[in-house]
Amino acid sequence: MAICYPDRVEPISLYLHIPFCIQRCGYCDFNTYAGMKKFLPAYTSALANEIKRVSLASNERLPVHTVFFGGGTPSLLSIRQLESILETIHECFDLAPDAEISMEANPGTLSLDWLMTARTLGVNRLSYGVQSSLDKELALLGRIHNQSDVIHSIDWAHSAGFDNLNLDLIFGLPIQSLADWQQTVQWAVDLHPQHLSLYNLTIEEGTPLESQINSGELPRPEDDLAADMYEWAMDHLSTVGMDQYEISNWSMPGKECRHNLQYWLGLPYLGFGAGAHGFAEGIRTENVPTIIDYIDRSGRQGEVPFPRTSTNLRTTTIDEKTQIEEFMMVGLRLVKQGVSRQRFQERFGINLDEVYGKTITRLIGVGLLEWGGDERDTLRLTRRGCFLGNQVFAEFLG
């Protein structure tokens with residue numbers, strides 16, 4: 001069975017990890033670090049070095065159509081540092097004229113001047129880590145902003161010319177009622193963002209929030225209540241013109257996150273920065289996680305084959321079977337687009353039903369999957385399947 005890699009046909013995406021934060025939130029287990037801002041200049045240089053080395057190893061100027069600055073708190077970059085990174089990307093890749101350039105930002109770290117200059121440099125999509133409209137919930141999560149900071153940041157974004165804005169919200173918090181969640185969602189809708197990402201809180205091992213729950217200081221979130229919150233959001237957002245195109249993501253027409261679609265369609269992306277992951281030409285890369293190690297490794301001499309770099313902690317060649325499994329798992333997150341027989345055939349050179357026919361029939365029989373699309377050849381989650389997505393995805397693992 002031959003895999004038809006699309007890497008050198010389809011444009012690729014770039015992910016840049018900026019792991020700096022003013023303080024770590026109590027629920028966070030991302031690869032982020034507080035109190036390290038003094039290393040930002042050296043980190044920016046290391047990031048540029050990694051970008052240059054990967055592009056040179058590719059032996060061609062790769063086409064790029066999305067760039068995503070994630071974190072951490074990318075909005076802690078100075079304008080000069082941001083400009084330097086973007087200049088390096090333009091130097092090393094063929095960046096599409098209409099490229100989506102996204103940046104995560106925390107409302108408590110922004111100014112109008114910073115946003116105006118970032119927009120001039122080419123950043124055209126913002127993703128604000130809002131999480132809640134209620135100050136009591138923001139305090140519980142350890143966020144540094146309040147509701148007023150969010151409103152100011154959105155006003156500044158509009159004044160700076162941004163017309164593609166995402167707000168991240170979290171539901172299933174320990175002290176959150178259904179009414180609290182409804183208030184947050186409606187408040188967010190009234191701010192007229194083009195995109196909303198709604199995430200069910202996960203209690204991560206080793207976080208302060210886990211300790212508070214285990215000690216009885218906070219109640220453990222209720223799964224049934226979180227499901228009610230999710231279902232209410234599904235229904236409510238459809239009435240205000242927002243389309244659920246992925247399990248956790250809603251957008252106005254034409255404002256889907258193109259960068260995240262790259263992941264969900266199983267297309268190639270390069271990851272730069274401490275702890276960043278990438279996937280290209282059947283190889284998954286993972287960088288060293290710490291800022292100091294990343295800076296040190298970036299300065300090492302020697303060439304390695306594309307898409308590897310000296311900053312990699314590990315690289316893994318993904319076999320055919322694993323790529324197929326992952327293609328199904330991420331593709332089925334797209335609740336409308338799903339996985340089409342044609343796209344599966346083009347990617348892997350084999351019929352979808354030959355590989356998963358029995359599994360598909362069983363999951364359709366219990367109401368978790370359905371065939372949709374104009375030709376009824378797109379496999380996708382049912383409404384019930386959206387609530388049990390992880391169980392569905394597990395069915396496609398060996």
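- The shortest side-chain heavy-atom distance between W250 and M234 falls under the 4.5 Å cut-off.
- Contact of the Q81 side chain with the S78 side chain is registered, since non-hydrogen atoms from C-beta on lie closer than 4.5 Å.
- L196 CG to S248 OG: the interatomic distance, rounded to the nearest 0.5 Å, is 12.0 Å.
- L191 and F171 fall within the same hydrophobic cluster, defined by Ile, Leu, Val, Met, Phe, Trp and Tyr side-chain heavy atoms under 4.5 Å apart, directly or through other members.
- Cluster annotation: L178 is connected to L169 through the hydrophobic network of ILVMFWY side chains, with a link wherever side-chain heavy atoms come within less than 4.5 Å.
- With hydrogens and angles disregarded, a donor-acceptor distance shorter than 3.5 Å links the side chain of S55 to the backbone of K52.
- Remark: T315 engages I283, T285, R308, N312 in a side chain to side chain contact (heavy atoms under 4.5 Å, CB included) (not counting sequence neighbours).
- For the pair R24 and Y33, the cation does not sit on the ring face, since its NZ or CZ is not both under 6.0 Å from the ring centre and inside 45° of the axis.
- Heavy-atom neighbours of F387 CZ from other residues, nucleotides or ligands within 6.0 Å: above the threshold of 12.
- Within the 4.5 Å cutoff, no side-chain heavy atoms of T120 are placed close to those of M116.
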Residues 359-370, side-chain donor-acceptor partners within the protein, below 3.5 Å, at least two apart:
unit_1, atom_1, unit_2, atom_2, d
T361, OG1, G357, O, 3.0
R362, NH2, E395, OE1, 2.5
E370, OE2, R380, NE, 3.1

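- Counting heavy-atom neighbours within 6.0 Å of D224 CG, excluding the residue itself, gives a total of 12 or less.
- Evaluation of the side chain to side chain contact (heavy atoms under 4.5 Å, CB included) rule for S340 yields Q342, R343, T378 as partners, not counting sequence neighbours.
- The side-chain heavy atoms of V123 and L82, taken from C-beta on, include a pair separated by under 4.5 Å.
- With contacts defined as side-chain heavy-atom distances shorter than 4.5 Å, the pair W264/N249 qualifies.
- A donor-acceptor pair is defined here as one N or O able to donate and one able to accept, closer than 3.5 Å; such a pair exists between the side chain of Q176 and the backbone of L173.
- Note on L201: it does not cluster hydrophobically with Y230, by side-chain heavy-atom contacts below 4.5 Å among ILVMFWY residues.
- Remark: R314 pairs with E286 by the salt bridge (Lys or Arg N to Asp or Glu O under 4.0 Å) rule, at least two apart or across chains.
- Counting only distance, with no hydrogens or angles, the side chain of Y43 and the backbone of A274 share a donor-acceptor pair below 3.5 Å.
- Taking CZ from F20 and NZ from K37, the interatomic distance works out to 10.5 Å, rounded to the nearest 0.5 Å.
- Between L379 atom CG and F344 atom CZ the span is 10.5 Å, to the nearest 0.5 Å.
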Kindly indicate, with the supporting measurements, whether the criterion side chain to side chain contact (heavy atoms under 4.5 Å, CB included) is fulfilled by V330 and Y263. CA-CA 7 Å; V330 296; Y263 302 150; 6.0 Å; no
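- Of the N and O atoms on the side chains of Y128 and E104, not one donor lies less than 3.5 Å from an acceptor on the other residue.
- One N or O on the side chain of T44 and one on the backbone of L40 form a donor-acceptor pair closer than 3.5 Å.
- Remark: F396 engages Y356 in a ring-ring contact (aromatic ring centres under 6.0 Å, His included) (not counting sequence neighbours).
- W114 contributes a side-chain N or O that, together with a main-chain N or O of L77, makes up a donor-acceptor pair within less than 3.5 Å.
- Here the OG atom belonging to S13 is positioned 11.5 Å from the CG atom belonging to L62, to the nearest 0.5 angstrom.
- For E231, the salt bridge (Lys or Arg N to Asp or Glu O under 4.0 Å) test picks out R383, with sequence neighbours left out.
- Counting only distance, with no hydrogens or angles, the side chain of T73 and the backbone of C21 share no donor-acceptor pair below 3.5 Å.
- Between Y269 and T66, the closest side-chain pair of non-hydrogen atoms is not below 4.5 Å.
- With sequence neighbours excluded, the residues forming a side chain to side chain contact (heavy atoms under 4.5 Å, CB included) with D243 are Y245, K336, listed by chain and number.
- Follow the hydrophobic side-chain contacts under 4.5 Å out from L352 and you reach F393 in the same cluster.
- For residues 207-221, the pairs satisfying side-chain hydrogen bond (donor to acceptor under 3.5 Å, both in side chains) are Q212-E217, N214-R220, with sequence neighbours left out.
- Judged purely by distance below 3.5 Å, without hydrogens or angles, the side chains of Q323 and D319 never pair a donor atom with an acceptor atom.
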Output a table of donor-acceptor pairs, distance under 3.5 Å, between side-chain atoms of residues 89-103 and any protein atom two or more places apart or on a different chain; print 'none' if there are none.
unit_1, atom_1, unit_2, atom_2, d
D94, OD1, R61, NE, 3.0
D94, OD1, R61, NH2, 3.3
E100, OE1, R258, N, 3.4
E100, OE1, H259, N, 2.9
E100, OE2, R258, N, 2.9

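- With sequence neighbours left out, the salt bridge (Lys or Arg N to Asp or Glu O under 4.0 Å) criterion links D149 to no other residue.
- Every residue meeting the ring-ring contact (aromatic ring centres under 6.0 Å, His included) condition with W232, not counting sequence neighbours, appears here in chain and number order: H236.
- Using modelled atom types, one side-chain atom of S58 and one backbone atom of E60 make a donor-acceptor pair closer than 3.5 Å.
- No hydrogens or angles considered: nothing links the side chains of H195 and E256 as a donor-acceptor pair under 3.5 Å.
- In this structure, the side-chain hydrogen bond (donor to acceptor under 3.5 Å, both in side chains) partners of T290, at least two apart in sequence or on a different chain, are D293.
- The backbone N or O of I144 sits nowhere less than 3.5 Å from a side-chain atom of N106 that would complete a donor-acceptor pair.
- No donor-acceptor contact under 3.5 angstrom links the side chains of E354 and N351, judged on distance only.
- Aromatic ring centres of F272 and Y15 lie farther apart than the 6.0 Å criterion allows.
- Distance OG/S197 to CG/N260: 7.0 Å, rounded to 0.5 Å.
- Under 3.5 Å, the side chains of T311 and T309 contain a donor-acceptor pair of N or O atoms.
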Should C25 and R143 be marked as a side chain to side chain contact (heavy atoms under 4.5 Å, CB included) after you check the CA-CA gap, both sets of side-chain angles, and the distance that decides it? CA-CA 6 Å; C25 299; R143 304 299 289 178; 3.2 Å; yes
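- Under the 3.5 Å distance criterion, the side-chain polar atoms of Q244 are matched with a main-chain donor or acceptor of I247.
- More than 12 heavy atoms of other residues, nucleotides or ligands lie within 6.0 Å of CD in Q23, so this atom counts as buried by the packing criterion.
- With T109 contributing its side chain and A105 its backbone, the two residues share no donor-acceptor pair below 3.5 Å.
- Under a cut-off of 6.0 angstrom, the local environment of CG in D235 is crowded, with over 12 non-hydrogen atoms contributed by other residues, nucleotides or ligands.
- M229 and L138 fall into different hydrophobic clusters, where Ile, Leu, Val, Met, Phe, Trp and Tyr are joined by side-chain heavy atoms under 4.5 Å apart, directly or via other members.
- Using a 4.5 Å cut-off on side-chain heavy atoms (C-beta onward), W156 and F162 make no contact.
- In this structure, OG on S159 lies 12.0 Å from CD1 on I154, to the nearest 0.5 angstrom.
- The shortest side-chain heavy-atom distance between L198 and W181 falls under the 4.5 Å cut-off.
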